[in-house]
Structure formats: structure tokens, C-alpha cells
Amino acid sequence: MKTSILIVDDHELTAEGIAALVEQTCCFHTTVCLNATNALQKANTSHFNLALIDARMPGMSGIELIKQLKISCPALKTVAITGFDEDETVIELLQSGAQGILFKRSTDGNELKLCLEEVL
């Protein structure tokens, strides 16, 4: 069975770009959701090996989504992606249960692949 990744980002271009990069560099299947509510619903009705989640989104944040997923889908691995690299955000992400953190400004395809493989 092919590894399946749920990508959650409120910016469609970013989400689709990350999905294309994951599919190209990792050969994983991806599903994109543009908000946390849809992602939570999708995660509870489909099987994913890992969720790659934007930390800051309108409505339910990625941080809150990770906390919710830890309750409803405890086997699901989570990696946060963020454009905010201040200590407060990193601490919140680690406390939420994220198993990895990638920074949008400095992560390339190779680092993305290594992170996903390590977390999986």
C-alpha cells in the first residue's frame, strides 16, 4: 500500500506546491485540504500515514488541528509547516504533539523528504 500524506494549508498554491513536491521527491500519494475542519473530517474517514499541517490558519489553527488529530487518530504522524520561526511557535507545535517541524522559508525538497521519511 502506497504511503498517503494529508497536506493542510489555507493557501491553495502553497498546498498544491507542497503536494507536487511530496509526490515528486517521495513518491507518496497526497490529498490536499485547505482548512482544518475539512482536514479533520477527511482524516477521520480515510487512512493517512502522515499529515503535513500549516501551523497558522484562520478558524481552527494547525496547532489545534494537531491536538485534535492526536485524540481522534492517535496513530497518525504529524509534521507542522510554518513561516513563523520564533520560539513561541516552535514550543506550541512541540507541545501540540507534532513529530516534526519544517520552516517554509528554509526547507527544500531534500529536507522535506528526509523529514517525512524520518517521522514515518
Side-chain angles (χ1 to χ4, degrees):
M1 186 162 146
K2 195 169 190 178
T3 300
S4 187
I5 308 291
L6 178 63
I7 297 170
V8 188
D9 195 299
D10 59 313
H11 295 98
E12 188 169 6
L13 182 61
T14 301
E16 294 292 342
I18 292 169
L21 190 59
V22 167
E23 289 180 5
Q24 179 184 14
T25 61
C26 305
C27 299
F28 297 154
H29 175 266
T30 62
T31 299
V32 170
C33 287
L34 300 177
N35 64 59
T37 303
N38 287 348
L40 190 56
Q41 183 178 35
K42 188 66 114 170
N44 285 316
T45 59
S46 302
H47 173 76
F48 295 99
N49 303 96
L50 186 143
L52 189 56
I53 303 169
D54 183 16
R56 305 278 185 214
M57 295 183 288
M60 183 191 309
S61 73
I63 294 167
E64 183 58 35
L65 174 60
I66 292 168
K67 291 176 185 177
Q68 292 290 325
L69 289 170
K70 291 298 165 198
I71 295 166
S72 64
C73 305
L76 180 65
K77 306 289 187 193
T78 57
V79 172
I81 52 176
T82 183
F84 302 94
D85 57 1
E86 69 273 349
D87 291 345
E88 179 183 322
T89 298
V90 172
I91 291 167
E92 280 185 276
L93 289 168
L94 292 172
Q95 289 175 339
S96 74
Q99 284 119 332
I101 301 172
L102 294 169
F103 298 101
K104 290 181 181 179
R105 344 179 167 172
S106 60
T107 299
D108 61 16
N110 201 29
E111 188 176 351
L112 172 68
K113 180 180 180 183
L114 289 171
C115 178
L116 297 183
E117 288 174 348
E118 184 67 29
V119 169
L120 288 168

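Computed over heavy atoms, backbone and side chain alike; hydrogens, waters and symmetry mates excluded.
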Which heavy-atom pair separates [X] from [Y] by the least distance, and what is that distance?
| X | Y | value |
| --- | --- | --- |
| E111 | T107 | OE1-CA, 3.7 Å |
| T78 | A98 | OG1-CA, 3.4 Å |
| C33 | A39 | SG-CA, 3.7 Å |
| S61 | A55 | CB-O, 3.7 Å |

Do the non-hydrogen side-chain atoms of [X] and [Y] ever get within less than 4.5 Å of each other?
| X | Y | answer |
| --- | --- | --- |
| F28 | N49 | no |
| F84 | L93 | no |
| L52 | L112 | yes |
| D54 | V8 | no |

Cluster overlap [X] with [Y], hydrophobic side-chain contacts below 4.5 Å:
| X | Y | value |
| --- | --- | --- |
| I7 | F103 | no |
| L94 | I81 | no |
| F48 | I66 | yes |
| L69 | M60 | yes |

Within a radius of less than 6.0 Å around [atom1] of [X], do more than 12 heavy atoms belonging to other residues, nucleotides or ligands occur?
| X | atom1 | answer |
| --- | --- | --- |
| D108 | CG | yes |
| E23 | CD | yes |
| L13 | CG | no |
| E118 | CD | no |

Next item on the list: Determine the sole option in V32, L50, V79 for which the side-chain contact (heavy atoms from CB on, under 4.5 Å) test with I5 is passed.
Entry: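 Exactly one pass, corresponding to L50.
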Checklist line | Identified side-chain contact (heavy atoms from CB on, under 4.5 Å) partner of T82 from the options I53, L102, I101 | finding: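 So the option named by the test is I101.
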From [X] [atom1] over to [Y] [atom2], what is the distance, rounded to the nearest 0.5 angstrom?
| X | Y | atom1 | atom2 | result |
| --- | --- | --- | --- | --- |
| S96 | L65 | OG | CG | 9.5 Å |
| L34 | E16 | CG | CD | 7.5 Å |
| Q99 | C115 | CD | SG | 10.0 Å |

Next item on the list: Begin with the C-alpha distance, continue with both residues' side-chain angles, and end with the deciding distance and a verdict on side-chain contact (heavy atoms from CB on, under 4.5 Å) for N110 and T25.
Entry: CA-CA 8 Å; N110 201 29; T25 61; over 6 Å; no
Margin query: Keeping T89 on the side-chain end and D85 on the backbone end, is there a donor-acceptor pair under 3.5 Å?
Written below: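 Here the side-chain-to-backbone pair does not exist.
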Margin query: Donor-acceptor pair, distance only, cut-off 3.5 Å: does the side chain of K42 make one with the backbone of H47?
Written below: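 Absent.
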Note to self: Ignoring hydrogens and geometry beyond distance, is a side-chain donor-acceptor pair present between N44 and S72 at under 3.5 Å?
What the structure shows: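 There is such a pair (donor and acceptor under 3.5 Å, judged by atom type) between the side chains of N44 and S72.
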Next item on the list: Please lay out, stage by stage, how E117 and V119 fare under the test side-chain contact (heavy atoms from CB on, under 4.5 Å).
Entry: CA-CA 6 Å; E117 288 174 348; V119 169; over 6 Å; no
Next item on the list: Tell me, with the steps shown, if E92 and R56 meet salt bridge (charged side-chain N to carboxylate O under 4.0 Å, His left out).
Entry: CA-CA 11 Å; E92 280 185 276; R56 305 278 185 214; 3.1 Å; yes
